Asks: 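Here it is, the structure, as structure tokens.
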Amino acid sequence: VPSISSRIVSNRSSACAGPARFNSADIAYTSHLPRLARDSQSFKDQNNQAKFRMHQNLELLINPVVEIAARAGDEILKIYNSDEFDVETKDDKSPLTAADKASHNTIIAALAELTPDIPILSEESAAISWEERSAWPEYWLIDPLDGTKEFIKRNGEFTVNIALIHDGVPVLGVVHV
């Protein structure tokens with residue numbers, strides 16, 4: 001049985017391992033959003049104030065997203081540990097299992113509840129046109145079961161991936177192993 005843990009991914013070399021709770025001193029920040037002074041009086045323009053608000057929002061999102069990834073991982077392991085599971089073939093000839101679907105459904109429902117105004121792009125979702133997606137200033141990008149072929153082989157080499165993309169740049173990411 002594969003081990004289960006979560007890791008917050010950033011553009012910096014440090015990362016925090018889970019599933020423990022994180023405080024602001026433990027959080028790995030992306031280089032795109034540098035730590036900003038907590039004193040809002042020190043900001044010289046609205047752009048810095050907007051970055052500060054996003055920074056605060058990211059701190060509030062980290063623990064819930066880690067928990068969502070862990071719940072999706074639990075759904076995957078229920079199927080992984082079962083006697084058998086069916087494998088379908090998607091239009092692109094890649095495999096699809098009940099674990100992909102269960103993880104997808106868990107993540108989609110939880111993210112929609114957590115951040116109802118942020119669209120979600122998932123490998124298992126219906127195709128969304130580039131015209132629509134290119135207008136999104138931010139969105140969740142998820143791969144509910146990265147490594148479906150490895151899952152099918154039962155070698156334990158698969159993950160749950162959830163990222164928040166802002167202006168085309170990943171600003172928060174959780175990889176649940």
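The model shown is predicted, which means the values in this text are computed figures rather than measured ones. Sequence positions, counted from 1, serve as the residue numbers for this chain.
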Asks: Flag yes if V175 and L141 sit in one hydrophobic cluster, no otherwise; membership is Ile, Leu, Val, Met, Phe, Trp, Tyr, and two members link when side-chain heavy atoms are under 4.5 Å apart.
Replies: no
Asks: Please find the pair of heavy atoms, one from K101 and one from E88, that lie closest to each other, and give the distance.
Replies: NZ-OE2, 2.5 Å
Asks: Side chains of S94 and T148: does their closest heavy-atom pair fall under 4.5 Å?
Replies: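 With C-beta onward as the side chain, the pair stays apart.
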Asks: Out of curiosity, K78 NZ to I76 CD1, how far, rounded to the nearest 0.5 Å?
Replies: 11.5 Å
Asks: Enter the distance from L172:CG to N57:CG here, rounded to the nearest 0.5 Å.
Replies: 11.0 Å
Asks: Between I128 and L111, is there shared hydrophobic-cluster membership here, with clusters defined by ILVMFWY side-chain heavy atoms closer than 4.5 Å?
Replies: no
Asks: Aromatic rings F151 and F158: how do their planes relate, parallel, tilted or perpendicular, breaks at 30° and 60°?
Replies: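 F151 and F158: perpendicular rings.
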Asks: Got W140 and V65 here, is their nearest side-chain heavy-atom distance under 4.5 Å?
Replies: yes
Asks: What is the minimum heavy-atom distance between I107 and A72, and which atoms define it?
Replies: CG1-CB, 3.7 Å
Asks: Other residues, nucleotides and ligands only: do more than 12 of their heavy atoms fall within 6.0 Å of CD on E132?
Replies: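 Counting other residues, nucleotides and ligands, CD of E132 exceeds 12 neighbours.
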Asks: Could you tell me if the side chain of T115 sits less than 4.5 Å from the side chain of L164, heavy atoms only?
Replies: no
Asks: Linking I/L/V/M/F/W/Y whenever their side-chain heavy atoms sit closer than 4.5 Å, directly or via other members, would L96 and V160 fall into one cluster?
Replies: no
Asks: So does D92 have more than 12 non-hydrogen atoms from other groups sitting under 6.0 Å from CG?
Replies: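 Count over threshold, so yes.
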Asks: Is there a side-chain contact between I118 and W136, using heavy atoms and a 4.5 Å cut-off?
Replies: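 They are not in contact (no side-chain heavy atoms under 4.5 Å apart), so the answer is no.
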Asks: Would the distance check show the side chain of S103 and the main-chain N or O of A99 forming a donor-acceptor pair, the cut-off being under 3.5 Å?
Replies: no
Asks: What do you reckon, is NZ of K90 surrounded by more than 12 foreign heavy atoms closer than 6.0 Å?
Replies: yes
Asks: Enter the distance from H176:NE2 to I68:CD1 here, rounded to the nearest 0.5 Å.
Replies: 12.5 Å
Asks: Which pair of heavy atoms, one from V174 and one from A69, lies closest together, and at what distance?
Replies: CG1-CB, 3.9 Å
Asks: Counting only N and O atoms by type, is there a donor-acceptor contact under 3.5 Å from the side chain of N105 to the main-chain atoms of A102?
Replies: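 Checking the backbone N and O of A102 against the side chain of N105, no donor-acceptor pair under 3.5 Å is found.
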Asks: Could you walk me through whether L58 and V171 pass side chain to side chain contact (heavy atoms under 4.5 Å, CB included), step by step?
Replies: CA-CA 8 Å; L58 291 176; V171 294; 4.0 Å; yes
Asks: Indicate yes or no: at least one non-hydrogen side-chain atom of I108 is less than 4.5 angstrom from one of I142.
Replies: yes
Asks: Quick check: do I165 and L121 have side-chain heavy atoms less than 4.5 Å from each other?
Replies: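 I165 vs L121: side chains apart.
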Asks: Taking side chain as C-beta onward, heavy atoms only, is H104 less than 4.5 Å from E123?
Replies: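 They are not in contact (no side-chain heavy atoms under 4.5 Å apart), so the answer is no.
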